[in-house]
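See below for the structure under consideration.
Numbers restart at 1 for each chain; the letters A, B, ... are given by sequence-line order, proteins then strands. Small disclaimer: the values here were computed from a predicted structure and weren't measured.
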Amino acid sequence: MLSNRERKIVERFEKSRKIQSAGSLRSQIGEEETFFTMMRRMARENKLAVFSAIVILLIILAAILAPVLTPYSYSDMDLMNRLSPPSSAHLFGTDEAGRDILTRLLYGARVSLLTGVVPTIMSMLLGALLGVVSGIYGGWLDDLIMRLADITLAFPSMLLAMVIMYMLGDGLINVFLTLALVNWASVARIVRAQTLQLKKTEFVEAARVIGVRRGKMIFRHILPNCLPTLIVLFTLNVPAAILTESSLSFLGLGLQPPSASWGLMVNSGRQYLYAAPWLSLAPGIAIMVSVLAFNFLGDGLRDVLDPYQKK
Amino acid sequence: MVRNALQRLLQSVLVLLGAALLVFLMLRIIPGNPAAVLMGEHADATVIKRMTEELGLDQPVLVQFFRYIADALRGDFGTSFSLGKPVSELMASAFVNTLILALFASAYAWILGIISGVIAAVKKNSLPDRLFMGASLLGVSMPVFMAAMLLQFFLGYQLKWLPIAGTSDWTGFILPAIALGWNSAGSVARLVRSTLLEILEEDYIDTARAKGRGQMGVLMVHALRNAMLPVITMMAIQLSGMLSGAVITETVFSVNGIGRLAVQAISSRDIPLLQGTVLFSAAIVIIGNYVADSLYNVLDPRIRKEA
Amino acid sequence: MADNTLEIRNLNTSFFTQHGEVRAVNDVSLDVRRAQITGIVGESGCGKSMTARSVMGLVRYPGRIVSGRIRLDGKEITGLSKKEMCSLRGNELSMIFQEPMSSLNPVMKVGKQVEETLRIHQHVTKEEAARRTEEIFREVGISDARSRMACYPHQLSGGLRQRVMIAMAMICKPKLLIADEPTTALDVTVEAQILSLMKRLCEGGTSILLISHNLGVIAQVCDYVYVMYAGRIVEQADTCTLFDHPVHPYTRALLGAASSLRSGAARLETIPGGVPNLLHLPSGCSFSPRCEKCARQCQNEVPQMLPVSGEGHLARCYFANVPEE
Amino acid sequence: MREVLLEARNLTKEFPAGRKKKVHAVTNVTIQILRGETLGLVGESGCGKSTLGRLLIGLLKPDSGQVLAGGEDVTRMSDRQFGKYRRQLQLIFQDPYSSLDPRMNVREIIAEPLRTWNVCRTKEELTDKVLELMEAVGVPGEYLYRYPHQFSGGQRQRIGIARALAADPELIVCDEPVSALDVPVQNQILNLLSELQESRGLTYLFISHDLSVVRHISDRVCVMFLGMICEVGEKEEVYQSPMHPYTRFLLNAILLPDPHHRHEEEHLLTGEIPSAVNVPSGCRFHTRCPYAAKRCLSEVPQLKDAGGRLVACHYPLKP
């Protein structure tokens, strides 16, 4: 059985497909909707999404250009300048070891973006593959994959991530693996449900009448039609992964100092919350802004890809 | 219908067993002998060996597993390495705190979420809609520890209205409940809004209007009842999520609940305690899913009669 | 007492999309006579459903009534407040829809849904409401009324569901019943049953506005017919006149297409071209691009409804009164 | 007599519907399709006509019974063995909206069967072939790279027909191909189907609930009720003098576009169609049949020859 959120996503896209095919007002108007016109429509209708896209681009640039943008190193300590408040030399102040917070934020963006994107891509690839296979072939393979998904989803995701991190040990790669292992199951279930629905459609039946084999069917008909769902899932899962990473680091289970991870920075600033609130505040806000930006962009994309919401 | 419920129950039990096996295996993969960890770095090799045998760690993993399950069924989850008390006892007292916190948090989250969701849907694209949806997106996007720390800083430290941490009396639960519920309120509001908007497009809403129902009547009698189906199941799942331990919230506010117990278990490498808390959480989540599914089946006559 | 239950004058309903104004209903005037079945026929997208929804006040965003007057039983209903409209709907004015499955609330027993109409408009006790629901169920031909009332919509067949919809619409004895493609989703034998039920309701004094794309349905039950094309009424006449002596080229083509099916001809009659886009209507007569008689005049100016020989027969065509060669 | 192209013998197909319940979609159906003819298959929704169509072209496997093509039983074949029949048996769908993959353009849609069967060697050849098919069904070639949602219902149906033709089939099962279309468009499609039949020597199994359409296009007609065949015969014979009571009621229910011939109440069938899950015993029509006798309640009538046509009724009407 699907969880609520999953059921929603699947139902909505099923509905949107029907609406799209019912070709209401739009097909009467008969304007072509390509990817670019869609994006343009989003740009016109949803300024917030565009703004968010710009914010994300800026974060990416900042992450890439970190060494150029700042004269400081993210790990060199300067014990003379511990906990100094924001000033012209240190825009966001320094932390308990005298490291420049802005510098650490810029380098931390690398960690957050990577932990947002890499494990999400991994979990989506794994989930989509298993989901499609499960839906198309059915039988014992389906049972096996779905029971594994059930088991994965039986744990609170934070707790599961903690246990896997504990098992694997610290490190960026292990964070990637952990997040991928935690998130694949819901992707698989959503893709499977959609595959089952697509399997029932007449155009898939038509392909069977023609004699298209199952393997080809997946790549020609099933996956392309799952794409809008996958794109939306991607934009929802990236911020979720960023949050989970920062939470893990916050608990001391993700990356270890002196690595610059936003969650880690919030955690180490906790002890100085009352004396030097900027220590935690700056990375906290950075997390929030990037997660918000991804969420807004995701909302915008969903609205655009989902004809059901179109006026 | 009863048969269907039993079938799903059986499946849930199997999933729980699978989950238990998974945890068990994962914790055995970790390098290092737990007995050695338990006895400290400088322990004698023979002592460690004796301890290993005592704990049954020299047996094959599957044997250990079934022994563990058999004990667990009798309520015995072993003894905590670090705290020296039975794990079941520790979990029981922790669960009380988690329960209070979850009830506080969910009550306020749901009331807030449903009301703001309904208002947002009815007044679509109005100022309140944008305000509520902005706030809910903020709720979904803000890391829990961030919300928790902000609450501590302003309401606890600056205004001194409420205790910053600890649960010596019930006021100690208020801040963590707000931090924990904020996120749920946001997702409930968004779900209520989107479901309502979808349902307001349905044909039977036209029928209701065609028979002379006013805006309010259509909403309350026809739309909301249908919209609550997915919302109620979501709430069941949320509650089970909170009951299985709010790791971050409990840690930040020093609430001695299940989540904090798990964190403690990890930081002190206390395997029996970790195993117990994780399994307990999984059980709660599985029960929550089961209840959510059952609720859906009971509430939706289409499924109720077909099953 | 007027002998028209419903009078629509110069009704315009449009959808305001980002591509421009879609004129779904374009200067429509029509009457529904007392205790008669009046039909609107046309292809999908010709604006017939929107006309009905405009009368009910159920046009959805981004559509709205731009101008026009609607009078129910001599009383102006355009410009009524929302509350006043609510007290009309279901009471004096009711409607049934095409899809009997999705038009019923899935989580409510059908008896409750029918009672609801009664309880909105009249102060009756629960027992009274239940009694009258049972009564109306019998009237619309639902056997085993009492047990059927306790069913959920999905437990009933399509035909029964449509009967429930009719019961719901009829329980307050409305003056006008609007039926939007009431039989399109039903099987042939059930369709015939529902149509004969509608005829019976009409004999009982209800005025009915029946909307259908099916000329067979129209011919079988209607007393008077309006033909719509691209948002406009193009021809109106009593049923026999319309089927015997259609004058508008569109009506002729439509009738020709329907009747050639049973003529045994090897090739069926069709209409060249496609239905025009409501966003970019041709100037002049909207049928002109597909019309073989099209003259310059037709392309420049929209023709008015012209009277044709025969009482109450009007057509929107410059050649309405030109005799066939 | 014409050659038999495809023959179904005692086909039965049931679908599970919850615990210990089954939908009796098709029960013990025997039918022949002759080369070059159009066999009309009529019945109300849920009578199993679509299921029968899909069984005949091997899209569904029957629970029991055989489908014979060229003397071979195709139902017991492996996918590989069935391969050569796959191309010969094609299907046209009811809903022109959902039967085309929304993410493929016209060229890709029509080319799919050509690619699957490696008909064309080069890209140019493929495009030429697609253009040829588009012309055959009356879709302008300049729409080659358009997507389904940019077409009207009638044009989409033409594209669906072109796709079926691309496989170069012998039999096309037309599953309600015109019921989603307005009458003028419906007539265009029916004309196209007739033309194609003539020029390509196709055989059609034409499934529809619309008796007027079936009457126009068919040579022979087969009437189904709740998974069983009631009557099979030459079109005019069946329409002029139905022998099965159900056929007669079905014909009485036709809504003629002629206000001078309104149908009379007493000639209409009463009651609802029984569910295919709990089928009535004996003759499945007995619950609605005014002529039902004791025998009809217990004994299933077999399809018997009645003067040139087949009728499954214990007490057939006099022609």
Side-chain angles (χ1 to χ4, degrees), chain A residues 13-38 137-138 194-195 197-231 305-308 310, chain D residues 50 53-54 57-60 79-80 82-105 108-118 145-153 155-156 159-160 163-169 171-173 175-176 180:
Chain A
F13 274 89
E14 174 64 2
K15 218 168 210 170
S16 72
R17 240 197 43 240
K18 279 186 187 145
I19 299 275
Q20 195 176 25
S21 61
S24 49
L25 218 52
R26 196 154 56 85
S27 81
Q28 221 184 44
I29 292 159
E31 187 184 285
E32 185 177 4
E33 180 100 299
T34 63
F35 182 74
F36 291 102
T37 55
M38 251 188 224
Y137 292 93
Q194 251 205 314
T195 305
Q197 277 173 344
L198 286 169
K199 234 169 113 174
K200 280 187 279 180
T201 60
E202 294 193 333
F203 64 80
V204 169
E205 202 179 9
R208 282 179 55 212
V209 177
I210 289 163
V212 176
R213 283 176 214 292
R214 281 196 285 197
K216 274 203 172 149
M217 191 85 86
I218 291 177
F219 290 101
R220 261 201 219 149
H221 297 283
I222 305 286
L223 281 179
N225 279 290
C226 286
L227 204 61
T229 315
L230 290 175
I231 291 174
L305 292 172
D306 176 3
Y308 190 62
K310 280 174 198 163
Chain D
S50 286
R54 281 163 172 72
I57 58 166
L59 211 50
L60 288 173
D79 282 357
R80 174 106 60 81
F82 186 64
K84 68 173 172 178
Y85 293 106
R86 179 69 286 151
R87 277 181 77 175
Q88 293 172 7
L89 309 171
Q90 288 296 307
L91 182 63
I92 300 174
F93 295 86
Q94 167 177 7
D95 186 352
Y97 295 103
S98 63
S99 59
L100 305 177
D101 189 333
R103 295 188 184 273
M104 284 187 166
N105 63 31
E108 289 168 320
I109 290 170
I110 301 178
E112 195 170 19
L114 301 172
R115 285 213 183 109
T116 308
W117 298 104
N118 293 323
Y145 294 102
R146 287 210 181 178
Y147 286 86
H149 71 259
Q150 295 171 280
F151 291 96
S152 67
Q155 279 172 314
R156 285 174 184 231
I159 296 168
R163 175 177 55 193
L165 288 180
D168 201 12
L171 171 73
I172 298 184
V173 172
D175 188 4
E176 306 255 12

| task | Kindly indicate, with the supporting measurements, whether the criterion side chain to side chain contact (heavy atoms under 4.5 Å, CB included) is fulfilled by Glu108(D) and Arg220(A). | result | CA-CA 10 Å; Glu108(D) 289 168 320; Arg220(A) 261 201 219 149; over 6 Å; no
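- Only the backbone of Leu100(D) has a heavy atom closer than 4.5 Å to any heavy atom of chain A.
- When every heavy atom of Arg103(D) is checked against every heavy atom of Asn225(A), the shortest pair comes out as NE-OD1, 3.6 Å.
- Heavy-atom minimum distance, Val209(A) versus Gln90(D): O-NE2, 3.2 Å.
- Minimum heavy-atom separation, Phe203(A) to Pro102(D): CE2-CD, 3.6 Å.
- In this structure the side chain of Glu205(A) never reaches within 4.5 angstrom of the side chain of Asp175(D), judged on heavy atoms.
- Glu112(D) places a side-chain heavy atom less than 4.5 Å from the side chain of His221(A).
- Nearest heavy-atom pair, Arg208(A) versus Leu59(D), reported as atom, atom and distance to 0.1 Å: NH2-O, 3.0 Å.
- Residue with the most contacts toward chain A among Met104(D), Arg87(D), Gln94(D): Met104(D) (heavy-atom pairs, distance under 4.5 Å).
- Proximity to chain A is absent for every atom of Ile92(D), based on heavy atoms less than 4.5 angstrom apart.
- For chain A, no part of Arg146(D) is nearby; none of its heavy atoms comes within less than 4.5 Å.
- Listed here is the closest heavy atom pair of Ala206(A) and Ser99(D): CB-O, 4.2 Å.
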